[in-house]
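Below, read A as the first sequence line, B as the second, and so on, with proteins coming before strands; counting in each chain starts at 1. All heavy atoms count here, side chains included; hydrogens, waters and symmetry mates do not.
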Protein chains: 2
Amino acid sequence: MRYSISHKQQTRERLLQSSAALAKTQGFASVGVDGLMKAIGLSGGAFYSHFSSKDELFGSIIERELSQSLERLGAGDAQSRERLDRCLKFYLSMAHVEHAATGCALPSMGAEIARSDVVVREHAQTWICQLHANWARTLESDSLAWAILSQCVGALVVARMLVDPQVQAQVLSSSYQELSRQIADH
Amino acid sequence: MRYSISHKQQTRERLLQSSAALAKTQGFASVGVDGLMKAIGLSGGAFYSHFSSKDELFGSIIERELSQSLERLGAGDAQSRERLDRCLKFYLSMAHVEHAATGCALPSMGAEIARSDVVVREHAQTWICQLHANWARTLESDSLAWAILSQCVGALVVARMLVDPQVQAQVLSSSYQELSRQIADH
DNA sequence: GTCTATACCACGATAGAC
DNA sequence: GTCTATCGTGGTATAGAC
């Protein structure tokens, strides 16, 4: 063969990474196969050597994104409240609002995941429940863990819709402030 | 003229209503002009007698949806905490999760609004800030009002991604429970 | 105002050369 | 594995008859 064994894996990884970033910023439905491939310097036709369809790529992107987020937000069996606090601080930051390409996939692609087929949503559910379980163990509260997760995702969705950075920052700081109080009061 | 004066207004209203429902369920980008018109029994060509472009329709949909949500969630100058509580109960209900077509536009179209042009987002910001102001007046807390808004939107985004109705219900009830506690403690 | 027909472009996906 | 070329479809938008 004219291409090394690892070449395909590397190309596939580049494609996944680049496509995920494009999907999070422009929406997966709004970017075509040609655009996805051009972004990594390849032609559209080469796409089908890596994925049988655009939908299959979507599933792989979600899988990769969620496992990555889980690692960053709640990996391990026992995390300290200090680490959870650092996670919340970053999640609810202006940097996260402004850089959707490298951020969590839930606020940017949540609606698209909700509209996708059952297989993808089952994967998403597994991951979300795993993150919830980790946070619930740290916080010793199932309901507080769900509430935090919802509020984090919602704050980013709301903030990204706004134009004024000051109001955006207000949404973030308010959410963080109220979350901190809830965690402390618990 | 062969058509009455009010006919155009009525058709436009039907188009707005139907298109909003389709946009919330399938995503605005994923449904074509032909599909939007066929949904109200007209041909695709007739669309441009009502809107100059699909983007202009998007702006009108958002405007209409948000003012409608404001009416349902926080109209008037002074609302009781009881009414706010009823609003939260409905917003965080399984019916709302299941029927995106008639529900709030923020969880289903939030990401698309965030990606749209500045004019649309300025409009969205105006309405969101107005709703926030009403809730903040009722609750006597700016930050709590922002936190509630974020949590409501986030809970719906998260719940809609899941497949298991029991887990969906858990997300909703947890969010409602924690919100109630926050409001009571305030 | 609505229809049919159409221009024009972008999309997802495939075929065959290299 | 990647390229170019292409097929078929569906997208937005326009033109002209009624």
side-chain N/O A:T11 vs D:dT2 OP1/OP2, d < 4.0 Å: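 Indeed, a polar side-chain atom of A:T11 lies that close.
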How many whole angstroms separate atom [atom1] of [X] from atom [atom2] of [N]?
X: A:M37; N: C:dG12; atom1: CE; atom2: P; answer: 12 Å
X: B:I5; N: C:dG1; atom1: CD1; atom2: C1'; answer: 14 Å
X: A:L42; N: D:dT4; atom1: CG; atom2: C1'; answer: 14 Å
X: B:L36; N: D:dT12; atom1: CG; atom2: P; answer: 8 Å
X: B:F51; N: D:dT12; atom1: CZ; atom2: P; answer: 14 Å
X: B:I40; N: C:dC3; atom1: CD1; atom2: P; answer: 9 Å
X: A:Y3; N: D:dT2; atom1: OH; atom2: P; answer: 6 Å
X: B:L57; N: D:dG11; atom1: CG; atom2: C1'; answer: 15 Å

Donor-acceptor contact below 3.5 Å, side chain B:K8 vs main chain B:S49: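 Here the side-chain-to-backbone pair exists.
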Short side-chain to backbone donor-acceptor contact, A:W127 and A:L66, under 3.5 Å: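 Present.
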Residue B:H50, side-chain atoms from C-beta onward, closest of D:dT2, D:dC3, C:dG1: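 So the nucleotide nearest the side chain must be C:dG1.
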Nearest-neighbour nucleotide for the A:S49 side chain, C:dT2, C:dC3, D:dT2 considered: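 For A:S49, the side-chain atoms sit closest to D:dT2.
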[X]: partners by side-chain hydrogen bond (donor to acceptor under 3.5 Å, both in side chains), with sequence neighbours left out:
X: A:E63; result: none
X: B:H50; result: none
X: B:K24; result: B:E65
X: B:E56; result: B:S52

Please table the atom pairs, donor to acceptor, closer than 3.5 Å between any side-chain atom in residues 164-173 of chain A and protein atoms at least two apart or in another chain.
from: A:D164; atom 1: OD1; to: A:Q166; atom 2: N; distance (Å): 2.9
from: A:Q168; atom 1: NE2; to: A:A159; atom 2: O; distance (Å): 2.9
from: A:Q168; atom 1: NE2; to: A:L162; atom 2: O; distance (Å): 3.2
from: A:S173; atom 1: OG; to: A:A169; atom 2: O; distance (Å): 3.2
from: A:S173; atom 1: OG; to: A:Q170; atom 2: O; distance (Å): 3.3

Under 4.0 Å protein heavy-atom contact, by nucleotide of nucleotides 13-18 of chain C - B base, S sugar-phosphate only: BB---B
